[in-house]
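Proteins come first, then strands; the chains are lettered A, B, ... in the order of their sequence lines, and each starts at number 1.
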Amino acid sequence: MIEIQRIKERTEEVLAGIGKRNIDATKEIAQIIALDSEWRQKKTQLQQLETEMNSISKQIGVLFSTGKQDEAKALKAKTAVLKESLQEHKQSAEQLENQINDLLFSLPNVCTEDVPKGKDEASNEIVEAFGSSPSLEDSRDAHWDLAKEYELIDFELGVKVTGAGFPFYRGQGARLQRALVSFFLDEAADAGYEEFVSPLMVNENSGKGTGQLPDKEGQMYYIEADNLYMIPTAEVPLTNIYRDVLLPDPNFSIKLTGHTPCFRREAGSYGKDVRGLNRLHQFEKVEIVRIENQENAARALGEMISHVKSLLEKLGLQYRILRLCGGDTGFAAAITYDFEVYSAAQKKWLEVSSVSRFDTFQSNRLKLRYKDENKKSRLCQTLNGSALALPRIMAALLENNQLKDGINIPSCLHKYTGFKKISKSS
RNA sequence: GGAGAAUUGGCAGAGUGGUCGAUUGCGGUAGUCUUGAAAACUAUUGUACCGAGAGGUACCGGGGGUUCGAAUCCCUCAUUCUCCGCCA
């Protein structure tokens with residue numbers, strides 16, 4: 001959530017940043033500021049009462065220990081009124097605090113200056129494009145047809161065993177999947193990211209820490225018996241490693257990566273958008289996460305973008321980078337860049353990565369801080385990005401590299417697949 | 001899954017109803033001594049919040065309760081350890 005100090009001190013900036021999402025938060029912000037000053041008043045009064053109470057209690061203690069029972073009893077009688085008023089103050093301070101928190105939780109992050117204003121994806125900006133569409137013959141097939149033809153992915157089997165959106169990968173398809181994961185992890189390691197194998201379920205506090213809860217509760221699979229959530233992305237366990245952490249030194253740059261399945265309930269889609277690998281309930285992803293100080297966050301974002309670019313270029317995929325407009329930017333992000341690859345057979349762009357800077361929005365919830373040069377606690381900056389999400393990469397690779405008698409594997413993957421071409425007979 | 005024990009500051013470890021935010025040791029920081037270092041000695045050393053400041057408040061695994069007063073008593077949840085059972 002947004003730091004309340006920022007709301008009070010830089011109100012205009014906050015309003016403008018949220019305004020980019022086509023949301024007018026004037027009322028909420030004014031309410032927060034008003035409630036906050038009310039809360040401060042109550043808090044001060046409450047603490048005064050507590051001081052008084054503490055001192056009386058101490059006196060009673062002294063009186064008892066010096067044998068002055070009667071005086072102690074007299075003093076005790078006085079506390080009843082005080083106690084009542086103390087309770088009242090405590091309750092109303094708490095109530096105010098809850099109201100403020102509810103409001104703060106409901107506000108999305110402040111978009112940075114370079115985020116374009118806009119309501120939906122139509123206002124996203126294309127900032128860069130790379131590569132060109134492969135020239136395929138007329139017989140170009142969509143990946144779901146290729147998957148069947150070469151026995152790479154079995155969607156029906158997934159339906160039988162689990163349900164729609166849970167495919168089986170098999171044979172060369174499974175191998176290609178594993179090759180991609182290894183390739184992505186090795187590239188991340190080369191770029192200095194420490195690899196983690198994380199839990200695939202998280203508790204409620206973790207969900208809150210990265211902002212999936214309470215707003216996106218319905219999008220996660222929930223294990224009721226144990227009060228656990230299936231992770232929608234490795235971002236959740238990886239970032240939550242640093243929940244409630246105070247880093248002692250301002251010179252740090254934390255780079256984490258992990259490969260996990262991601263589970264998403266994603267109700268309400270239909271048609272060819274969800275066909276094949278385009279949208280799944282379970283898919284694999286390699287995520288990169290960074291925790292930085294105030295000064296380094298902007299540079300880290302640039303490095304992450306370069307990293308994702310280099311992956312796509314090594315895979316030889318045509319891609320473009322979008323700077324999302326406010327309305328399309330996720331609740332917790334301050335700025336997001338989406339990467340899309342071109343799927344030649346479907347003739348459409350598929351989102352394969354989303355790289356975001358969260359400013360202090362997550363770290364505020366996470367209580368993730370560091371000591372700066374003056375030994376003052378400051379909130380860290382968190383960033384994350386997909387590097388990369390597997391299914392749509394796989395879809396694009398299959399479609400774009402298809403030949404009459406097989407599918408070419410990009411050379412960077414050869415050492416992982418053990419074959420250079422997907423063919424029927426093998 | 002069953003039985004028992006435990007959870008205190010960076011770490012170790014006291015504290016069982018009242019000047020306890022918490023004895024002490026180690027570690028950290030600063031200083032004295034030293035050509036330098038070590039040792040020794042001295043001081044200092046948690047986090048968050050309220051307050052213009054002085055200062056105050058909260059926090060002893062989490063939450064709730066009893067009490068004028070709780071690290072200390074009660075309830076509850078979580079975690080760790082030991083033993084038993086089961087198991088990749």
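- B:G10 and B:C26 make up a base pair, with Watson-Crick or G-U wobble contacts both under 3.5 Å.
- One C1' atom belongs to B:G15, the other to B:C60, and the distance between them is 11 Å to the nearest Å.
- Straight-line distance between the C1' atoms of B:A14 and B:U7: roughly 15 Å, to the nearest whole Å.
- Taking the six-membered ring for Trp and thresholds of 30 and 60 degrees, A:Phe361 and A:Phe331 have ring planes more than 60 degrees apart, a perpendicular arrangement.
- For A:Thr51, taking side-chain heavy atoms from C-beta onward, the closest of the listed nucleotides B:G56, B:A58, B:C50 is B:G56.
- The partner of B:A39 cannot be assigned: no Watson-Crick or G-U wobble pair with both contacts below 3.5 Å exists in any strand.
- Rounding to whole angstrom units, CD of residue A:Glu3 and P of B:A48 are separated by 13 Å.
- Side-chain contact of A:Ser206 with A:Asn203: a donor-acceptor pair under 3.5 Å is present, judged by distance alone.
- A:Phe64 places its CZ atom 15 Å from the P atom of B:U19, with the value rounded to the nearest Å.
- Between A:Arg40 and B:C49 there is no side-chain N or O to OP1 or OP2 distance below 4.0 Å.
- A:Ser65 comes within contact range of no nucleotide atom at all, as no heavy-atom separation falls under 4.0 Å.
- For the C1' atoms, the distance linking B:U19 with B:A40 amounts to 34 Å, nearest Å.
- Atom name P, nucleotides B:U80 and B:U8: the rounded distance is 14 Å, in whole Å.
- The separation between A:Leu246 atom CG and B:U45 atom C1' is 15 Å, rounded to whole Å.
- Here B:A5 sits opposite B:U80 as a Watson-Crick or G-U wobble pair (both hydrogen-bonding atom distances under 3.5 Å).
- Note on A:Lys367: every side-chain N or O is 4.0 Å or more away from OP1 and OP2 of B:U47.
- Annotation: of the two residues near RNA chain B, A:Trp39 and A:Glu94, the 5′-most nearest-nucleotide partner is A:Trp39.
- One can place NZ of A:Lys73 at 17 Å from P of B:G69, the figure rounded to the nearest angstrom.
- For the C1' atom pair drawn from B:C73 and B:U44, the interatomic distance equals 37 Å after rounding to whole Å.
- Nucleotides B:C83 and B:G46 are separated by 39 Å at their P atoms, to the nearest Å.
- Pairing of B:C33, defined by two Watson-Crick or G-U wobble distances under 3.5 Å, is not identified with any nucleotide.
- The nucleotide B:C87 finds no pairing partner, because no Watson-Crick or G-U wobble arrangement with both distances shorter than 3.5 Å includes it.
- When each of B:C68, B:U19, B:A48 is scored by its nearest atom to the side-chain atoms of A:Lys83, the top-ranked nucleotide is B:C68.
- With a 3.5 Å ceiling on both atom-pair distances, B:G21 lacks any Watson-Crick or G-U wobble partner.
- Residue contacts for A:Thr79: at a heavy-atom cut-off of 4.0 Å it reaches the sugar-phosphate backbone alone, with no base atom in range.
- Here B:G69 is the nucleotide among B:A58, B:G69, B:C50 with the atom lying nearest to any side-chain atom of A:Met53.
- There is no side-chain donor-acceptor pair under 3.5 Å between A:Arg378 and A:Gln294.
- Rounded to a whole Å, the NZ atom of A:Lys43 is 7 Å from the C1' atom of B:U57.
- Between A:Val110 and A:Ala334, the closest heavy-atom pair is O-CB, 3.5 Å.
- Among the heavy atoms of the strands lying under 4.0 Å from A:Ile60 is at least one base atom, whether or not backbone atoms are also near.
- Considering only side-chain atoms of A:Lys76, the nucleotide from B:U57, B:C50, B:C68 that sits closest is B:C68.
- Partner assigned to B:C59 is B:G46, using Watson-Crick or G-U wobble distances below 3.5 angstrom.
- Using a 4.0 Å cut-off between a side-chain N of Lys or Arg and a carboxylate O of Asp or Glu, A:Arg6 and A:Glu3 do not qualify as a salt bridge.
- Looking at the side chain of A:Glu50, the nearest of the listed nucleotides B:C50, B:U47, B:U57 is B:U57.
- Following rounding to the nearest Å, A:Glu71 (CD) and B:C68 (C1') show an atom-to-atom distance of 15 Å.
- Side-chain nitrogen and oxygen atoms of A:Ser377 include at least one within less than 4.0 Å of the OP1 or OP2 phosphate oxygen of B:A48.
- Residues A:Thr233 and A:Lys285 bring a donor and an acceptor atom of their side chains to less than 3.5 Å of each other.
- With both ends at atom P, the span from B:G27 to B:A12 equals 15 Å, rounded to whole Å.
- With rounding to whole Å, A:Asp226 atom CG is found 10 Å from B:A78 atom P.
- If you check the side chains of A:Gln381 and A:Asp359, you find a donor sitting under 3.5 Å from an acceptor.
- Here A:Asn54 does not reach the OP1 or OP2 of B:G69: none of its side-chain N or O atoms lies under 4.0 Å away.
- Pairing for B:U72 is absent, with no Watson-Crick or G-U wobble pair whose two atom distances lie under 3.5 Å.
- Using atom P as the reference point in both B:U45 and B:G10, the two lie 14 Å apart (nearest Å).
- Rounded to an integer number of Å, the gap from A:Asn101 CG to B:C49 C1' is 13 Å.
- The aromatic rings of A:Phe339 and A:Tyr319 lie tilted to each other, with the angle between the two planes from 30° to 60°.
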